[in-house]
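A quick write-up on the structure given underneath.
Start at 1 with the first residue, then count along the sequence.
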Amino acid sequence: MKPRPLPNMIIGACEWVALPKLDVRALRARVDTGARTCALHASRIEPYVEKGVRRARFRIHTGHPHEDSWQQCTAPIVDVKRVRSSTGHDQERLTIRTDIVIGHERWAVDITLTNREQMTYRMLLGRDAMKNHALVYPAHTFLQGKPRINQPQD
């Protein structure tokens, strides 16, 4: 079996990310190779069904520490995952799939919705999202700068 080539992008311990399908242009994310999944700080999470499709309505809090910086979002639910937090608590979380942009690269990731109001970073970037896309250089932060969003992709 031939090994896969290494990803071209090197990211730091923290990076700016964009979630263009959710209309989030810049959000600070903590890179966590110890976490499998991505987590996004969201509140008022409401699952609902529209035309036979399970969806979630939620608020994304984009500012820290200012909780008044938020926007309303909706996305299809792709899964409900049981996740153990860093504090050891099990929690069921709705999971959405959306595009992420780091630097000039864009790809789809699964993100769980949860309350991260006590955390410094509004998003956690887990290793499944980085697989085949990025290598982590933990000695530095924000190596890719602000996301460069090109044309929308559907």
Side-chain angles (χ1 to χ4, degrees), residues 4 7-64 66-86 91-136 141-154:
R4 288 186 173 181
N8 291 329
M9 184 172 27
I10 298 175
I11 61 176
C14 306
E15 286 294 339
W16 286 101
V17 303
L19 305 171
K21 289 185 176 182
L22 299 178
D23 200 28
V24 175
R25 302 196 60 76
L27 186 67
R28 293 180 325 142
R30 178 78 169 134
V31 175
D32 186 352
T33 59
R36 270 196 49 232
T37 59
C38 293
L40 179 64
H41 177 50
S43 65
R44 298 189 183 181
I45 303 167
E46 300 174 34
Y48 66 99
V49 176
E50 180 179 71
K51 297 179 182 173
V53 176
R54 292 176 39 202
R55 297 183 61 83
R57 179 181 301 117
F58 52 96
R59 283 185 175 182
I60 294 178
H61 299 269
T62 55
H64 180 78
H66 308 291
E67 279 296 317
D68 56 349
S69 182
W70 60 270
Q71 63 193 61
Q72 189 72 33
C73 297
T74 63
I77 297 170
V78 296
D79 200 0
V80 178
K81 292 185 180 178
R82 179 156 293 290
V83 177
R84 175 166 287 143
S85 71
S86 60
Q91 181 185 50
E92 256 189 15
R93 296 182 187 172
L94 297 181
T95 305
I96 62 168
R97 181 169 296 134
T98 193
D99 287 356
I100 190 169
V101 177
I102 301 175
H104 63 276
E105 299 288 328
R106 180 177 181 149
W107 67 93
V109 296
D110 288 351
I111 300 173
T112 63
L113 304 176
T114 189
N115 183 333
R116 292 183 52 84
E117 67 186 350
Q118 299 302 316
M119 306 295 183
T120 302
Y121 292 89
R122 295 303 187 204
M123 185 167 174
L124 186 79
L125 188 64
R127 67 179 177 268
D128 284 354
M130 295 179 274
K131 185 177 178 181
N132 301 322
H133 296 282
L135 294 174
V136 181
T141 58
F142 304 107
L143 293 173
Q144 294 298 315
K146 293 268 180 131
R148 295 174 290 285
I149 303 172
N150 297 328
Q151 298 296 333
Q153 297 176 0
D154 292 320

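- Distance check: R93 CZ to I77 CD1 gives 15.0 Å after rounding to the nearest 0.5 Å.
- Within the 4.5 Å cutoff, side-chain heavy atoms of M123 are placed close to those of I111.
- Closest non-hydrogen pair, Y48 versus A56, comes out as CE2-C, 3.8 Å.
- By the 4.5 Å heavy-atom criterion applied to side chains, V24 and I60 are counted as neighbours.
- The shortest heavy-atom contact between P147 and R25 is CG-O, 3.8 Å.
- Considering CD of Q144 and CD1 of I102, their distance stands at 8.0 Å, rounded to 0.5 Å.
- In this pair, W107 and H133 present their aromatic rings parallel. The plane angle is below 30°, not in the 30 to 60° band.
- Looking only at side-chain heavy atoms (C-beta outward), R54 and V80 come within less than 4.5 Å of each other.
- Minimum interatomic distance between R106 and I149 (heavy atoms only, all atoms of both residues): NH1-CG2, 4.5 Å.
- Between the E15 side chain and the V31 main chain, no donor and acceptor come within less than 3.5 Å of each other.
- Surrounding CZ of R82 are more than 12 heavy atoms belonging to other residues, nucleotides or ligands, all under 6.0 Å away.
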- Residue pair D110, V78: steps toward the side-chain contact (heavy atoms from CB on, under 4.5 Å) verdict: CA-CA 8 Å; D110 288 351; V78 296; 4.2 Å; yes

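- Here L19 contributes atom CG and I100 contributes atom CD1; the two are 5.5 Å apart, rounded to the nearest 0.5 Å.
- Within 6.0 Å of CG on N132 lie more than 12 heavy atoms contributed by other residues, nucleotides or ligands.
- L94 and P47 get closest at one heavy-atom pair: CD1-CB, 4.1 Å.
- Residues I11 and L143 fail the side-chain proximity criterion, which asks for heavy atoms closer than 4.5 Å.
- Counting heavy atoms from C-beta outward, R44 and F58 have side chains that stay 4.5 Å or more apart.
- Counting only distance, with no hydrogens or angles, the side chain of T112 and the backbone of C38 share a donor-acceptor pair below 3.5 Å.
- Judged by distance alone, with hydrogens and angles left aside, the side-chain atoms of H41 form a donor-acceptor pair with the main-chain N or O of R116 at under 3.5 Å.
- Proximity of a side-chain donor or acceptor of Q71 to a complementary backbone N or O of L22 within less than 3.5 Å is detected.
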Can you give me every donor-acceptor pair (side chain of residues 124-131, partner residue at least two apart or in another chain, under 3.5 Å) with its distance?
residue: R127; atom: NH1; partner: T33; partner atom: O; Å: 3.1
residue: R127; atom: NH1; partner: G34; partner atom: O; Å: 3.2
residue: D128; atom: OD2; partner: R36; partner atom: NE; Å: 3.4
residue: D128; atom: OD2; partner: R36; partner atom: NH2; Å: 3.4

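- Inter-residue side-chain proximity for S43 and H61 is flagged as met; some heavy-atom pair is nearer than 4.5 Å.
- N115 places a side-chain N or O within donor-acceptor distance of the main-chain N or O of E117, the cut-off being under 3.5 Å.
- A heavy-atom distance below 4.5 Å is not found between the side chains of T114 and V83.
- Residue E46 holds its CD atom at 10.0 Å from CZ of R59, rounded to the nearest 0.5 Å.
- A distance of 5.0 Å separates CD in E105 from CE in M9, rounded to the nearest 0.5 Å.
- To the nearest 0.5 angstrom, R57 atom CZ is 8.0 Å from E50 atom CD.
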